[in-house]
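Here the structure comes first, spelled out in structure tokens, and everything after it is commentary.
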Amino acid sequence: MRMSKLFSTTLRDVPSEAEIASHQLLLRAGYIRQLGAGIYSYLPLAQRVMSRIEHIMREEMAAIGGQELKMPVVHPADIWQETGRWTQVGDEMARFKDRSGHDMVLAMTHEEVVADLARREIQSYRQLPQLIYHIQTKFRDDPRPRAGLIRVREFTMLDSYSLDRDLAGLDAQYQAHYEAYLRIFNRCGLPVKTVSSDSGMMGGLEAHEYMYLTPVGEDTLLFCIQCEYAANRQVAAFAKPDPPDEVPLPLEKVATPGTATIAELAAYLEISPAKTAKAVFLMAELDDEDSPQMVFAVLRGDMALNETKLANALAAAGKGIVRTLRPALEAEIAAKGATPGYASPIGIDRAQVWVVADDLLPRSPNLVAGANEAGYHLRNTNLGRDYDADIVADIALAEDGAPCPHCQGVLEARRGVEVGNIFKLGTRYTAALGATYLDEDGQPQPIVMGSYGIGVGRLMACIAEEHHDAQGLIWPASVAPFSVHLVLLRGKDGVSEDAAEALYQDLVKAGLEPLYDDRDERAGVKFNDADLIGIPLRVTVSSRSLQSGGYEFKRRGEEDRWIVPVETALSVIMDQIEQGN
RNA sequence: CGGGGUGUAGCGCAGACGGCCAGCGCGCCGCGUUUGGGACGCGGAGGUCGGCGGUUCAAGUCCGCCCACCCCGACCA
């Protein structure tokens, strides 16, 4: 490719909307351009990088028996209605009507389509297992896109689905993906950690996320510094302390003026926050209810609520699938007869409010809780004696420094970007859509599904985040948009130009992919652009290099420069590319 | 959706006390000089000042409404 013809230009100034390195550099180097919030055009340079990433994906998918297909971006609503996600998923699914008034959706994922295909194509256990995948555009109308390509609304994903006759088959395919995806990240030069995760809107049995650890990440992960335990904070467990063994004492009302927060209360009574009960009021919108349901979460005062755990606890207890969960307004709390800041689990109207208690509470005696009267609390409240809960479950948030649930070691919080995820879905979608096979006994059985995804653009952005310096991008050879950056510094006599043209033609003939800077620019401009664009190998052809005996070689990210004789230049370039990969 | 911010040429910005043809740097086009780490001179092109409405003799500048984008939060691959 001649740079004089390349469809993009480099920018000297950083566009003001970009804050993180990958976003700034991908813009400045001419890889991407923004069209709208979370919507980008991928210029030829970016398209080449993504093609190379996708090539790696295809190789690794083929290695575990994947068959590539392509499923639609636009779906009729009815398959989403069949699985219930039409109502479960909120506004992040873009919906519209076609000209005849049918509800349609823009695909945000493809479980429904896979299950639909499975019910049409799969009749017999003899046809299982199957592994199908595609690399396809998805749209999620995220409320807040950010950080350049890290979080966008339209994106392409490698999206893989396994179909099995039983859980053992699913386990095997899950494990195969687990490893294949690690190989993909490894080949792309991106270090990742896997963590246990919430299955979120996918639902299912088990899930892992592949996290690239970086301060610009938006997920919080917890890692045990001693053992292998690692989890997204949304699901992270921790070893809760054993409360002291105490005899339940009689309830006692105490005046506690001006203590609407746990900190104020603990200070006023001169007790530890661990001796108090915290009340959190939330409004849950459920998929099968029109009006929001109030939920009263009770935790020990020294712990914070994990809303994901709470939502999962509600679902597990059969209360319904939570679409959204938000803090209740003071007016809503008062409307249920509770006093904000002094609310009590004792005497709460459980016909109107669901009480969910953290699983530490049944063994935490004599906590101070609100008296449901401004300025008063109750000492010695005991779950089971003074009040009951609709649900008792782990709903506490694991925080930095909490004890590991496996080894009691310390959990450390880190930030990360989720670049991939894998889910054991089970039969949720296949059962809903009636995707069954006949077993050896002629009995219909639901097909067992798994789904596995990697965001291509997000992966590219993370690679850029990981591999750059102050001058620009430094692509790993495996995903670089071109294999070699040929820089011509024109002399007066045309000798350098002829040499560079000849080398360029040789490179093209050899099947390599050179980017040839044939522009009429000064050396500084060309070198700076080369650094920005970040191709691993730079070969400079100039009268100075020719006088030194050939062409000047330099690897991006290294300081060494060396001269290679004209005659051997082509083979050295091929060696360098080989070595880089 | 709550809080904060920004919209003036391709990019970065000034202009805000209403007042000539709306500016600067970079980039872009032409000519010349220059030629190994973002050159210099001369001459050019390029603007619905985010949009609509209002106030006024006069609006980039004042007022109202709307839109877009960015950041923090809620939410998510």
Side-chain angles (χ1 to χ4, degrees), chain A residues 8-20 23-24 27-28 30 33-39 89-93 108-109 138-159 197-202 207-212 217-219 232 234 282-283 285 307-308 311 322-327 329 416-423 451-459 461-462 471-472 487-493 496 519-532 538 540-548 552 554 561:
Chain A
S8 66
T9 51
T10 55
L11 305 173
R12 296 198 182 189
D13 297 313
V14 182
S16 57
E17 73 263 21
E19 293 204 341
I20 67 168
H23 191 198
Q24 293 182 345
L27 283 170
R28 282 192 59 210
R33 294 292 181 248
Q34 184 172 16
L35 181 62
I39 303 176
V89 177
D91 288 338
E92 73 232 52
M93 182 155 72
M108 49 189 297
T109 179
K138 299 181 181 235
F139 188 83
R140 293 186 188 174
D141 196 0
D142 200 293
R144 190 157 99 75
R146 76 183 108 191
L149 256 36
I150 301 288
R151 179 141 160 206
V152 295
R153 295 195 293 170
E154 189 198 275
F155 54 99
T156 54
M157 274 190 93
L158 161 63
D159 206 20
S197 69
D198 181 48
S199 52
M201 71 168 183
M202 297 298 182
H208 284 87
E209 292 170 343
Y210 295 81
M211 307 295 313
Y212 165 56
E218 52 192 359
D219 282 3
N232 193 304
Q234 291 180 327
L282 298 139
M283 300 303 287
E285 281 180 35
E307 293 187 11
T308 303
V322 175
R323 207 185 313 158
T324 63
L325 202 58
R326 62 168 171 84
L329 305 172
V417 175
E418 180 182 350
V419 286
N421 56 39
I422 54 179
F423 296 100
S451 84
Y452 318 85
I454 298 177
V456 180
R458 177 179 280 190
L459 173 52
C462 287
Q471 268 53 252
V487 175
L488 161 65
L489 302 182
R490 259 178 247 280
K492 291 194 190 87
D493 53 11
S496 303
R519 298 174 303 168
D520 192 13
E521 290 287 354
R522 297 169 62 85
V525 172
K526 293 193 174 195
F527 290 148
N528 278 302
D529 279 350
D531 287 347
L532 244 191
R538 187 182 83 190
T540 305
V541 178
S542 69
S543 51
R544 184 192 288 188
S545 77
L546 289 168
Q547 275 163 27
S548 307
E552 181 195 85
K554 178 178 179 299
R561 301 159 190 222

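Chain identifiers are assigned alphabetically (A, B, ...) following the order of the sequence lines, protein sequences preceding nucleic acid strands; residue numbering begins at 1 within each chain.
- Protein atom CZ of A:Arg140 is 8 Å distant from nucleotide atom C1' of B:C76, rounded to whole Å.
- A:Phe527 carries A:Arg538 over the face of its six-membered ring, with the cationic atom under 6.0 Å from the centre and within 45° of the normal.
- Within the 4.5 Å cutoff, no side-chain heavy atoms of A:Ser542 are placed close to those of A:Gln547.
- The gap from the C1' atom of B:U8 to that of B:C24 amounts to 12 Å, rounded to the nearest Å.
- Distance noted for atom C1' between B:G7 and B:A45: 25 Å (whole Å).
- At the heavy-atom level, A:Pro15 lies under 4.0 Å from the strands shown only through sugar-phosphate atoms.
- Rounded to whole Å, the separation between the P atoms of B:U55 and B:G60 comes to 16 Å.
- Look at B:A22: it lacks any Watson-Crick or wobble partner with both distances under 3.5 angstrom.
- Using a 4.0 Å heavy-atom cutoff across all strands shown, A:Gly36 reaches sugar-phosphate atoms only and no base atom.
- At a cut-off of 3.5 angstrom, the base of B:G37 holds at least one donor-acceptor pair with the side chain of A:Arg538.
- Nucleotides B:C21 and B:C49 are separated by 15 Å at their C1' atoms, to the nearest Å.
- For A:Asp529 and B:G37, the CG to P distance is 15 Å, given to the nearest whole Å.
- Checking B:G36, B:C13, B:G27 against every side-chain atom of A:Ser542, the shortest atom distance belongs to B:G36.
- Across all strands shown, B:G7 forms a Watson-Crick or G-U wobble pair, both distances under 3.5 Å, with B:C67.
- Using a 4.0 Å heavy-atom distance criterion, A:Ser545 is classed as a base contact.
- Pair assignment for B:U34: none, as no Watson-Crick or G-U wobble contacts are both less than 3.5 Å.
- Residues A:Asp142 and A:Arg153 are not paired through a salt bridge, judged by the lack of any N-O separation under 4.0 Å between the basic side chain and the carboxylate.
- Using N1 to N3 plus N6-O4 or O6-N4 for Watson-Crick, or N1-O2 and O6-N3 for G-U wobble, each under 3.5 Å, B:G43 pairs with B:C29.
- Across the strands present, B:C17 finds no partner; the criterion is a Watson-Crick or G-U wobble pair with both atom distances under 3.5 angstrom.
- Protein atom CG of A:Leu532 is 14 Å distant from nucleotide atom P of B:G38, rounded to whole Å.
- For the pair A:Lys526 and A:Glu521, the tightest heavy-atom approach, listed with the atom from each and the gap, is CE-O, 3.6 Å.
- In this structure, the CD atom of A:Glu218 is 7 Å from the C1' atom of B:C76, given to the nearest Å.
- Shown here, B:C76 forms no base pair; nothing in the strands shown gives a Watson-Crick or G-U wobble contact with both key distances under 3.5 Å.
- Heavy atoms of A:Glu307 sit under 4.0 angstrom from primed sugar atoms or phosphate atoms, though from no base atom.
- Using a 4.0 Å heavy-atom distance criterion, A:Ala461 is classed as making no nucleic acid contact.
- In this model, a side-chain donor or acceptor of A:Arg561 finds a partner on the base of B:G37 within 3.5 Å.
- Comparing A:Asp531 and A:Arg151 by the nucleotide of RNA chain B that holds the closest heavy atom to each, the one mapping nearer the 5' end is A:Asp531.
- Remark: B:U56 base-pairs with no nucleotide in the shown strands. Criterion, Watson-Crick or G-U wobble with two distances under 3.5 Å.
- Put simply, CD on A:Glu19 is 11 Å from C1' on B:G5, counting in whole angstrom units.
- With B:A77, B:C70, B:C71 as the choices, the nucleotide that has an atom nearest any side-chain atom of A:Gln34 turns out to be B:C70.
- Nucleotide B:G5 holds its P atom 16 Å from the CZ atom of A:Arg144, rounded to whole Å.
- Computed from coordinates, the A:Arg519 CZ to B:C28 C1' distance equals 13 Å when rounded to whole Å.
- Both A:Thr540 and A:Ala37 lie near RNA chain B, and the one whose nearest nucleotide falls closer to the 5' end is A:Thr540.
- Here A:Val419 lies out of heavy-atom contact (under 4.0 Å) with every strand.
- For B:C26, the OP1/OP2 oxygens have no side-chain nitrogen or oxygen of A:Arg12 closer than 4.0 Å.
- Checked by distance alone, A:Arg28 brings no side-chain donor or acceptor within 3.5 Å of a matching partner on the base of B:G12.
- Taking atom C1' on both B:A74 and B:C1, the two are 8 Å apart, rounded to the nearest angstrom.
- Listed nucleotides: B:A74, B:C76, B:G25. Nearest to the side chain of A:Asp13: B:G25.
- In this entry the distance linking CZ of A:Arg33 with P of B:C11 reads 9 Å, nearest Å.
- For A:Glu17, taking side-chain heavy atoms from C-beta onward, the closest of the listed nucleotides B:C72, B:C69, B:G36 is B:C69.
- Taking every heavy atom of both residues into account, A:Leu149 and A:Ala461 meet most closely at CB-CB, 3.6 Å.
- Distance noted for atom C1' between B:G19 and B:G32: 42 Å (whole Å).
- The side chain of A:Glu418 has B:A77 as its nearest neighbour among B:G36, B:C76, B:A77.
- A donor N or O paired with an acceptor N or O is found under 3.5 Å between the base of B:G36 and the side-chain atoms of A:Glu552.
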